[in-house]
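All remarks here apply to the structure that follows.
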Amino acid sequence: MTDLDLDKLSRRQPPSADASARAAALAAAMQAFDEAEKNTQAAQGFTGGGRPSSIFNRIWSPIMNRRFLAGSALATLLVVPVAGLFTYELVRNGTVPLKSETGIAAGPADADQRARKPVAEKAKAEAQLAAKTDASAKAAADTAESAGTPAAEPAPLAESQDEEAIAAMPQSLAVGGAANGQALSRMAVPPSVIAMPAPVEDRERFASADPNPVKSVASDPVSTFSADVDTASYSYVRRSLLGGSLPDPEAVRVEEMVNYFPYDWKGPETAEKPFNATVTVMPTPWNKGTELLHIGIKGFDTAPAEQPSANLVFLIDVSGSMDEPDKLPLLKSAFRLLVGKLKDTDTVSVVTYAGDAGVVLEPTAVKERQTILDAIDTLRPGGSTAGAEGIETAYRLAEKAFRKDGVNRVMLATDGDFNVGPASDEDLKRIIEAHRRSGIFLSVLGFGRGNYNDGMMQTLAQNGNGTAAYIDTLAEAQKALVEEAGSSLFPIAKDVKFQIEFNPARIAEYRLIGYETRVLNREDFNNDKVDAGDIGSGHRVTAIYEVTPKGSPAVLNDPLRYGKGESAATPATDGGELAFLKMRWKKPDGDTSELATMPVTDADAVADVDAASADVRFSVAVAAFGQKLKGVTALQDYAYGSILGLAEAARGNDPFGYRAEFLKLVRLASGLSGEKAQ
């Protein structure tokens, strides 16, 4: 475990109290305690009907059987001494009589003489053990040490003190307000020695990288990157903010936040040219002296009736880690939504993995929807995570029902915990690459928190010619699997790459915003063996560069002393070119790429921010928000209030409420960061 892991663990909060469990535990304890008090004068036996230790057992069992204490070494260290103190205090006060060696209940005096010494010694030893774990247990040790002489009855707590004591107790005991607090106070157990649940370990891992640097056009005039239409980062950021905390900067991928939203970029006329680019150059809202080169790509939108048949394999993680409401139950509901969207001619198979991979449903036509839904409903969590074996089984089913002229895709749904079999990202990457060449793609849906492995999911999706989404709510499942099913399931192009060459006569510096995990080498652009991103029917891809015009006071890099010359293959025209955009892609069933180009000129520029379209301005606001959450230095002085104002003015048409939700997230981030949103 690294220092970073320990730091994250130290910030975790104990789980919130469950009112029903607390009430049930204390009710049982109080009933047993009252019964014991009624029968303290019994001369023989125990008329209460239970064993003399029943109150202890009734309190002990709910504590030790709670999920957060079961099997916990910390719980043993802290709760066992408390049990000794409970027992000692009840015996010392005569609440529970001890049996004599003859089996006849001893009277209070006799019991006190027989039991005082061993009880005191045991209570003292156990309290000293607790003191090693919690300094606050010293008071308990002192109490036990004085057990050789009669102790005075503890003074009852005032009602206000009761409430404070109850609030400090664990959820299995602290229930019932002041009245129950009075009863608990008679047990003389300091709340500070009662065990609190151990924090939940945070094992989340993210695929991220340092923000792209500012590059000098004189020495590095070409920028190359792969298309990315994933949206997982935005959903995760939203969940963090709605949960009351700023997201981990490593979880923020700015391009995924920008591409989460639908924009009305102009699309191509025909499928022969699958993309159309809309370019805008505008002043940078957060950095005077620079400009934003904004590129909006729209893929050809295939009509549903023209979409090919789909052969889908649902590969579902049912391991023990999926036993949470926001994991397997949400997953099952999400897939039910997707089944409702599919055509009768499509095929669905279901594979699960947990310890061993198993086939729940052989390839079945979607016209038998109820059979598919019944198979999904039978899923139950349990076991370890044989993820690699599950992937191999899923590919075998996909090959069995392969559609030569259709879509063949494995849809992996998991919290990302692969702990049995080939578990490293590189091992899994090789498995996915081997099957991708046969025409079977892979998409990934992430669920839950705690051990969410974003890094592994990104590796699988990027190397499986698929997309990665994070499903935090059923509404997100509706968006990803129903509203955007065409773009996520039906590719129109694969290995899509972009390359921008900046004109050194006009542009001094540039910085690509986001796409850190998608950056390619310059030579990769023309190499058809290099894998890249994929674009589905109607997909939109937005990329933004912050560029510094030549001669601007915002230039950061000093000019080279000796310069760097490279002969131009084709001299720039006199049309005021700022840059030259190239796009390369392959058809879904092709192996040879195609090329499209277009210049970026002064005709694409607008004089001020307000002159840009609403979609451009809103996407720029999202890019600013993502950079600020990620900690990009260029945005440190750009306030959340300014981001909010930019987004509000560009909200435009918002039929699904995504933009309104974004405004709420900006306000939440502002409050959590201490800044004041306007």
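Nothing fancy with the numbering, it's 1 onward along the sequence. Just so it is clear, the values below take in all heavy atoms, side chains as well, and ignore hydrogens, waters and symmetry mates.
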- Message: Please tell me whether Asp230 and Thr467 have a donor and an acceptor in their side chains that are separated by less than 3.5 angstrom.
- Response: no
- Task: Examine Lys628 relative to Tyr640 and say whether NZ or CZ is less than 6.0 Å from the centre of the six-membered ring and inside a 45° cone about the ring axis.
- Result: yes
- Salt bridge present between Arg449 and Glu324 (N-O < 4.0 angstrom): no
- Okay, side chain of Ser245, backbone of Leu241: is any donor-acceptor separation there less than 3.5 Å? no
- Does any donor atom in the side chain of Thr231 or Glu256 lie under 3.5 Å from an acceptor atom in the other side chain? no
- Task: Check whether any side-chain heavy atom of Lys582 lies under 4.5 Å from a side-chain heavy atom of Leu595, and answer yes or no.
- Result: yes
- Message: What I'd like to find out is whether the side chain of Ser235 reaches to under 4.5 Å of the side chain of Ile471, using heavy atoms alone.
- Response: no
- Message: Can you confirm whether Leu315 sits close enough to Tyr353 that some side-chain heavy atom of one is under 4.5 Å from a side-chain heavy atom of the other?
- Response: yes
- Check against salt bridge (charged side-chain N to carboxylate O under 4.0 Å, His left out), Asp344 and Arg369: CA-CA 8 Å; Asp344 287 350; Arg369 277 183 171 79; 2.6 Å; yes
- Message: Can you tell me which residue among Arg667, Arg238, Lys479, Arg651 is in a salt bridge (charged side-chain N to carboxylate O under 4.0 Å, His left out) with Glu661?
- Response: Arg238
- Work out which heavy atom in Asp654 is nearest to a heavy atom in Ala660; give both atom names and the distance. OD2-N, 3.0 Å
- For residues Phe275 and Phe300, determine if any side-chain heavy atom of one lies less than 4.5 Å from a side-chain heavy atom of the other. no
- Task: Salt-bridge test for Arg253 and Glu516: reply yes if a basic N is under 4.0 Å from a carboxylate O, no otherwise.
- Result: no
- Tell me, do Phe206 and Asp248 make a side-chain contact under 4.5 Å, heavy atoms counted? yes
- Item | Stepwise ring-ring contact (aromatic ring centres under 6.0 Å, His included) check, Phe261 with Tyr658 | CA-CA 7 Å; Phe261 298 90; Tyr658 301 144; 7.1 Å; no
- Note on the structure: Taking every heavy atom of Leu338 against every heavy atom of Leu489, the minimum-distance pair comes out as CD1-CD1, 4.0 Å
- Query: Taking C-beta and beyond as the side chain, do Val519 and Thr224 meet within less than 4.5 Å on heavy atoms?
  - Reply: no
- Message: Using modelled atom types and a 3.5 Å cut-off, is there a donor and acceptor pairing between side-chain atoms of Thr302 and backbone atoms of Ser537?
- Response: no
- Message: Does this structure show an ion pair linking Arg436 with Asp531, if we count only N-O contacts that are shorter than 4.0 Å?
- Response: yes
- Could you label the plane-to-plane angle of the Phe618 and Tyr263 rings as parallel, tilted or perpendicular, counting under 30° as parallel and over 60° as perpendicular? tilted
- Task: State plainly whether the residues Asp346 and Lys367 are in salt-bridge range, i.e. N to O under 4.0 Å.
- Result: no
- Please report the C-alpha distance between Glu362 and Lys400 in whole Å, then the side-chain angles of each, then the deciding distance to 0.1 Å, and finally whether the salt bridge (charged side-chain N to carboxylate O under 4.0 Å, His left out) criterion is met. CA-CA 9 Å; Glu362 292 284 343; Lys400 182 177 180 180; 2.9 Å; yes
- Message: Contact between Leu665 and Leu242 at the side-chain level, heavy atoms closer than 4.5 Å - yes or no?
- Response: yes
- Item | Closest non-hydrogen atom pair between Ile432 and Gly464, with its separation | CG2-CA, 3.2 Å
- Would Glu484 and His539 count as having a side-chain donor-acceptor pair, cut-off 3.5 Å? no
- Taking atom types as modelled, is there a side-chain donor on Ser333 or Arg336 under 3.5 Å from an acceptor on the other? no
- Determine whether the aromatic ring centres of Phe447 and Tyr470 lie less than 6.0 Å apart. no
- Find out whether the Lys NZ or Arg CZ of Lys494 is both under 6.0 angstrom from the six-membered ring centre of Phe441 and within 45° of the ring's axis. no
- Query: Counting distance only, does the side-chain N/O of Asn212 pair as donor-acceptor with the main-chain N or O of Ile513 below 3.5 Å?
  - Reply: no
- Can Arg659 and Asp615 be counted as an ion pair, charged N to O under 4.0 angstrom? yes
- Message: Do the side chains of Lys273 and Glu594 get close enough for a salt bridge, i.e. N-O under 4.0 angstrom?
- Response: no
- Item | side-chain contact (heavy atoms from CB on, under 4.5 Å), paired with Leu460, selected from Val410, Leu442, Asn453 | Leu442
- From CA spacing to verdict: side chain to side chain donor-acceptor pair (under 3.5 Å), Thr347, Arg403: CA-CA 10 Å; Thr347 300; Arg403 301 285 182 92; 2.6 Å; yes
- Note on the structure: Between Ala334 and Ala477, the two heavy atoms sitting closest are CB-CB, 3.6 Å
- Item | Under-4.0 Å salt bridge between Asp323 and Arg380 | no
- Query: Side chain of Lys343, backbone of Gln307: donor and acceptor closer than 3.5 Å?
  - Reply: yes
- Ser619 side chain to His294 side chain, donor-acceptor N/O pair below 3.5 angstrom: yes
- Has the side chain of Asp524 got a donor or acceptor atom that lies under 3.5 Å from a matching backbone atom of Leu520? no
- Query: Are side-chain heavy atoms of Asp495 and Asn465 found at a separation under 4.5 Å?
  - Reply: yes
- Message: Testing the basics here: between Pro247 and Val237, what is the closest heavy-atom pair and its distance to 0.1 Å?
- Response: CG-CG1, 4.0 Å
- Run the numbers on Lys586 and Asp591 for side chain to side chain contact (heavy atoms under 4.5 Å, CB included), then give the verdict. CA-CA 6 Å; Lys586 300 173 188 173; Asp591 296 319; 5.5 Å; no
- Item | Euclidean distance, Ser349 OG relative to Met411 CE, rounded to 0.5 Å | 13.0 Å
- Task: Calculate, to the nearest 0.5 Å, the distance between atoms OG and CZ belonging to Ser223 and Phe525 respectively.
- Result: 11.0 Å
